Every structure is written in structure tokens, then in C-alpha cells.
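Read the structure below first, then the notes.
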Amino acid sequence: MEMAVHCNSASLSCKTWRNRGPTLLPARLCSLPQTPFSFRSDTLKLSTCSWDKVASAVASEESAVGSSSSGTDVFNLTYLEGNSWLWDISGVRVLVDPILVGNLDFGIPWLYDAAKKFLKNFQLTDLPQVDCLLITQSLDDHCHLKTLKPLSEMSPNLRVIATPNAKPLLDPLFRNVTYLEPGQESEVEAENGSKVRIRATAGPVLGPPWQRPENGYLVISPRGQLTLYYEPHCVYNEDFLEKEHADIVITPVIKQLLPNFTLVSGQEDAVRLAKLLHAKFIVPMKSGDLDSKGFLASIIEGEGTIESFKELLSKELPDAKTLEPTPGEPLQIPPP
């Protein structure tokens, strides 16, 4: 297994894409001593949720840690809308592609400006302690500078794992960044001693054909009982993944289309991905389900539904389960 290089240490533009088949593509390491990203609360607090839901989130996290200590790995997946997630993997908390400060607008709000529908009042200080920040892509809908700048001010030593394409953006902000090329992996350890392995996979190419791809990730639980795969555009290299396995696949299933362009894939491509990885659980994302405005928002169209995806999936993987996340509420997945 190829290992990563540990680095210490742009203006954003619209995405360009290249053709890929039927769709368009848009080490254990020696690391610096670090302090986990810590806030005023140990629980996920959502202003749009009741105290009962907050209590449920706390119970789920305690259950995950308890299950880990008793010999069973558990994933708690909390969807924060868009491409953003908070994962608790037997006590290891990973914050993924966070957009938690301001809107998503790529610096050109007249063209596209989007806000969350449900977690409107969620703030950085509402997060629990986080052990790692995980970045899949280098553009604003994944590497959101409005969020990452204040995040880095709160915790400049936060452990970060990211695509090398995001290096110009992340190096000025964080001191403890590991950039992974596809095939490389790194390990994240929580204060409770739990460790997860994160391995990069090849995602979409967002630029000229010679540019390196962005990242997807395989996340392996502490005891190796569960593996999760995540790539937020449903774009993947089949040759790279054919020898891999993932119990849980997080992927978009509803396509997002511009005239003659596929921004985000899904439907039959998501089924093919699940089948390729022999997935037991598919967690569909609704990354396009935002309150958006601007010219670009007016011409983006969705194709397919979660129900049509389930129908396609049942024909190819009849034993796989589709688990729909509710924003702000942990979705717990134990070993099958």
C-alpha cells in the first residue's frame, strides 16, 4: 500500500468537465502533536431540532463508543445537508466537506447562491469535538473557505486529510494536513484510542484531462468490521474499485444536469457503484436539495428520484438496503 506524504505548511471558478464513458466528469504517518477540534459541547446541537432529538444523538454516540469497547464497530452518520457530514466511527469523529458559515456561492452569487433548507441556524460552535477534517474536492462546494477560515482560527492544529488539489487553499489555514493521492492512506486516532484508516480513491477530474482527479475515500472502522465509501459526485474509476469492498456507500442517486452536461451523476451509475463494491447499505445524498437562486440554479435539472433508484437497485442488489438520512439526526449502522 502506497503511503502519503505529510505536509505542513485561487480564486475559484466554475467547474469544467471532461467526458467519461456515458457520463461527463465534471501510512501510518508521523504527524505533529495535535489537539482535536473542540467546542463548547460534546453533543451535536441543532437549533431546528427538539431536545428529544439532541438526546437521541447523544445516546447514539454513547452507543457507538460502547459498542466499540464491547467489540463491535458502529458508524453514526449525521447529514448536514449539501455535501457536508459528521461521521462518528466507534468514537472517531470526522467532519466532511463542511459548509457551516454563510451560503454556497463560489464567489459569484449572481450566478449561483444556495442556502440549507433545514439546518439554517447551525453554527461551528454547535459541533462536538472533531478528530479529523476530511476534504474530497478543491472547489467551494467541498472546500468552503467561508467555513474553513474560522474553523482554522478555532483550531489551527486540527488534523486534516484532503485532496492535493486543495493544497493552495488549505496550507495557509491549517498546520497538520495530510494530502492523499488515490491509493494512499492515513490513520486517524481519537482521544479514546480508537483508530480508523482512510484510503483515497479516484474521483472526478474537474479541469483539463491532465489534471489529477479529486478524491473519494474508503473509511475502515477500528476493527475492520465495516468499510464506508464516499464520493460526492457518483464519479469513480471502476478499475480502481473493482478489488475494493464497502459495506456502506454514501452517494448521490438523483442526477443534477445542465444542458448537455452532467454535474452530478446517480441512478444507474449509483447502482453500478453499489454492485461494484458489494454494498449492503446505500445512503443516498440530496446534495442538490438546497434553497438556491441565480442563473445557474435556474437551468439545473434533476433526473430520477430515490424511489426510482430503489427500483433499479432491487433488480441488481436485492439484499441491499437503502437508508435515507434525516438532516441533523444520526443514522446508526452496525455490522450486518
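Just the heavy atoms: all of them, side chains too, but no hydrogens, waters or symmetry mates, feed the values below. For reference, positions follow the sequence shown, starting with 1. Note that the coordinates shown come from a computational prediction; the quantities given were computed from them, not determined experimentally.
- With sequence neighbours excluded, no residue forms a side-chain hydrogen bond (donor to acceptor under 3.5 Å, both in side chains) with Lys149.
- For the side-chain contact (heavy atoms from CB on, under 4.5 Å) test, residues two or more places apart in sequence or in another chain that qualify with Ala115 are Asn103.
- For Ala279, the side-chain contact (heavy atoms from CB on, under 4.5 Å) partners are Val249, Ala274, Ile282, not counting sequence neighbours.
- Legend: residues meeting side-chain hydrogen bond (donor to acceptor under 3.5 Å, both in side chains) with Asn165, ordered by chain and number and at least two apart, are Arg212, Glu214.
- Here Ser314 pairs with nothing under the side-chain contact (heavy atoms from CB on, under 4.5 Å) rule; sequence neighbours left out.
- Residue pairs meeting the salt bridge (Lys or Arg N to Asp or Glu O under 4.0 Å) criterion with at least one partner in residues 276-291, sequence neighbours excluded, are Lys117-Asp289, Lys120-Asp291, Asp247-Lys280.
- The salt bridge (charged side-chain N to carboxylate O under 4.0 Å, His left out) test applied to Glu324 returns Lys310, not counting sequence neighbours.
- The ring-ring contact (aromatic ring centres under 6.0 Å, His included) test applied to Tyr229 returns no partner, not counting sequence neighbours.
- For Lys275, the salt bridge (charged side-chain N to carboxylate O under 4.0 Å, His left out) partners are Glu316, not counting sequence neighbours.
- For the side-chain hydrogen bond (donor to acceptor under 3.5 Å, both in side chains) test, residues two or more places apart in sequence or in another chain that qualify with Gln256 are Ser287.
- Applying the side-chain hydrogen bond (donor to acceptor under 3.5 Å, both in side chains) rule to Thr163 yields no partners; only residues at least two apart in sequence or on another chain are considered.
- Residues satisfying the side-chain contact (heavy atoms from CB on, under 4.5 Å) criterion with Pro109, sequence neighbours excluded, are Asp105, Asp113.
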